[in-house]
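These numbers come from a predicted model, not from an experiment.
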Amino acid sequence: MRTAVLALGGNALARADEPATVTNQFRHARESMAPIVELARQGWRIVVVHGNGPQVGDELLRNEAARKLAEPLPLGVLVAETAGWIGYMLQQSLQNALAAARVDRSVVTVITQTLVDRYDPALSTPTKPIGHPVSAQEANRIREAGRSVGKDGNGHWRRMATSPMPLGVVEFPVIKQLLDQGTVVIAAGGGGPPVYQDPLLGLEGLDAVVDKDRVSAILASQLEAEVLMILTNVDAVFEGWGTPEARPIRRMSLEQAESMIAGGSLDAGGMKPKIEAAAGFVRRGGGRAIIARLSEGPAALRGETGTTITRML
């Protein structure tokens, strides 16, 4: 059976141009099911990974608002929390979509832990945007409270979190076993809460977030997947992004992708990890990686839109 790993962006579920209500996020979750149903109908083994950038930022705000009434939760625990409720949202949406399409496949959400290096240098430099954009005044307030803020790839002020490189998914054997049974698995939600192996205590959590695209690429490689789809809130990878000459790149070789990464013009908290993840998957022997808008998944799968990265053109 062919295997596909689909990475759904948290920013695509909670869009910047509308309130991040549960109703709106459920609507976008339902809209994202088309490529998954199409693959399920064809008999593919499927893993769905989702982001949680805006959602975990909202949880931090709730932490701050209720800190006098309830003990605040660390960031790693909030990642697990959002993996639970976003997983529920995607699971229910997919169950309904599969039933409507008369496709008999089970769906389950697995809360997974992502193994990282306790001494990863990235743990000392916050680069990963989380939460929704804030005003310059609010950014100053957050900074004065001792928390990190910075500008994302669109020039918006956002909270920043540290983001270590993922080394593997602790529950990978469970994911593989479920896939072998024909179950569609939702895993590594929000990149999975990061953990490291302590020589005495065993697995221990960290106050950080892991990039879900990088985790998706590792899972896709471990599963020897044919396709890695990164579905986000942009149409494709653009040449000359942010300039009047910007144009979408529909097909890209591994060499072109690595050249773009080396060029240093990509946003560390935005498109850079997506292209790095896609290129890494292809470099390790994966068939093709696709970066596309969430709502255009089926067309991107057919090569009609988005950006498809392969070893050679």
Side-chain angles (χ1 to χ4, degrees), residues 8-29 50-86 89 121-164 189-194 205-214 232-234 238 241-243 246 265-274 293-294:
L8 311 181
N11 287 301
L13 295 173
R15 289 170 35 174
D17 59 350
E18 65 182 20
T21 63
V22 170
T23 298
N24 284 336
Q25 293 186 66
F26 254 104
R27 176 164 54 85
H28 294 308
H50 64 79
N52 70 341
Q55 295 86 355
V56 80
D58 284 346
E59 295 302 330
L60 284 172
L61 286 175
R62 294 184 179 100
N63 255 0
E64 293 172 2
R67 64 186 180 277
K68 294 181 179 180
L69 302 175
E71 182 70 20
L73 298 174
L75 184 56
V77 174
L78 294 178
V79 171
E81 178 184 303
T82 54
W85 73 259
I86 299 174
M89 182 172 67
L123 287 168
S124 62
T125 308
T127 59
K128 182 70 174 174
I130 59 174
H132 300 280
V134 298
S135 66
Q137 181 179 0
E138 178 65 9
N140 285 332
R141 186 196 68 79
I142 296 170
R143 189 182 296 109
E144 289 170 359
R147 300 175 180 86
S148 296
V149 292
K151 289 189 175 181
D152 62 18
N154 295 314
H156 298 139
W157 287 105
R158 304 270 297 279
R159 293 171 181 262
M160 292 287 174
T162 58
S163 185
L206 285 169
D207 203 25
V209 297
V210 181
D211 184 84
K212 67 97 176 44
D213 297 316
R214 291 187 168 122
T232 183
N233 59 343
V234 296
F238 279 76
W241 174 258
T243 70
S265 61
L266 297 171
D267 172 31
M271 188 55 73
K272 183 179 180 181
K274 300 183 190 306
R293 186 174 291 277
L294 182 64

Please name the pair of heavy atoms, one in [X] and one in [Y], separated by the smallest distance, quoted to 0.1 Å.
X: Gly192; Y: Val210; answer: O-CG2, 4.1 Å
X: Val79; Y: Asn52; answer: CA-ND2, 3.9 Å
X: Leu75; Y: Ala161; answer: CD2-CB, 4.0 Å
X: Pro133; Y: His156; answer: CB-CB, 3.8 Å
X: Pro193; Y: Gly76; answer: CB-O, 3.5 Å
X: Ser148; Y: Pro126; answer: OG-CG, 3.3 Å

(request) Could you verify whether a donor N or O on one side chain and an acceptor N or O on the other, from Gln55 and His50, lie under 3.5 Å apart? (result)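 Result is no, nothing qualifies.
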(request) Return the set of residues passing side-chain contact (heavy atoms from CB on, under 4.5 Å) with Thr125 (not counting sequence neighbours), or none when no residue passes. (result)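 With sequence neighbours excluded, Thr125 shows a side-chain contact (heavy atoms from CB on, under 4.5 Å) to Thr127, given in chain and number order.
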(request) Using the test side-chain contact (heavy atoms from CB on, under 4.5 Å), find all partners of Met89 that sit at least two apart in sequence or belong to another chain. (result)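 So Met89 forms a side-chain contact (heavy atoms from CB on, under 4.5 Å) with Leu13, Gln25, Phe26, Ala29, Trp85, Ile86.
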(message) Are the side chains of Thr232 and Asn11 in contact, using a 4.5 Å heavy-atom criterion?
(response)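 When only atoms from C-beta onward are counted, Thr232 and Asn11 do not touch, as no gap falls below 4.5 Å.
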(message) Does anything in residues 60-69 form a side-chain hydrogen bond (donor to acceptor under 3.5 Å, both in side chains)? List the pairs, not counting sequence neighbours.
(response)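 As it turns out, the side-chain hydrogen bond (donor to acceptor under 3.5 Å, both in side chains) pairs with a partner in residues 60-69, which skip direct neighbours, are Glu59-Arg62, Glu64-Arg147, Glu64-Arg159.
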Can you sort out the partners of [X] under side chain to side chain donor-acceptor pair (under 3.5 Å), two or more places apart, ordered by chain and number?
X: Thr21; result: Asn24
X: His132; result: Asp58
X: Ser163; result: none

(request) Could you tell me the separation between the CE atom of Met160 and the CD1 atom of Ile142, rounded to the nearest 0.5 Å? (result)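 Reported to 0.5 Å precision, the distance equals 11.0 Å.
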(request) For Lys128 and Arg158, run side-chain contact (heavy atoms from CB on, under 4.5 Å): C-alpha distance rounded to whole Å, both residues' side-chain angles, the deciding distance at 0.1 Å, then the answer. (result) CA-CA 9 Å; Lys128 182 70 174 174; Arg158 304 270 297 279; over 6 Å; no
(request) Starting from the C-alpha separation in whole Å, work towards a yes-or-no answer on side-chain contact (heavy atoms from CB on, under 4.5 Å) for Met271 and Val234. (result) CA-CA 9 Å; Met271 188 55 73; Val234 296; 3.6 Å; yes
(message) For Gln137 and Asn140: C-alpha separation, side-chain torsions, deciding distance, then whether side-chain contact (heavy atoms from CB on, under 4.5 Å) applies.
(response) CA-CA 5 Å; Gln137 181 179 0; Asn140 285 332; 5.6 Å; no
(message) For the backbone of Asn233 and the side chain of Arg293, can you confirm whether one donor and one acceptor N or O come within less than 3.5 Å of each other?
(response)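 Yes, Arg293 side chain to Asn233 backbone: donor-acceptor pair under 3.5 Å.
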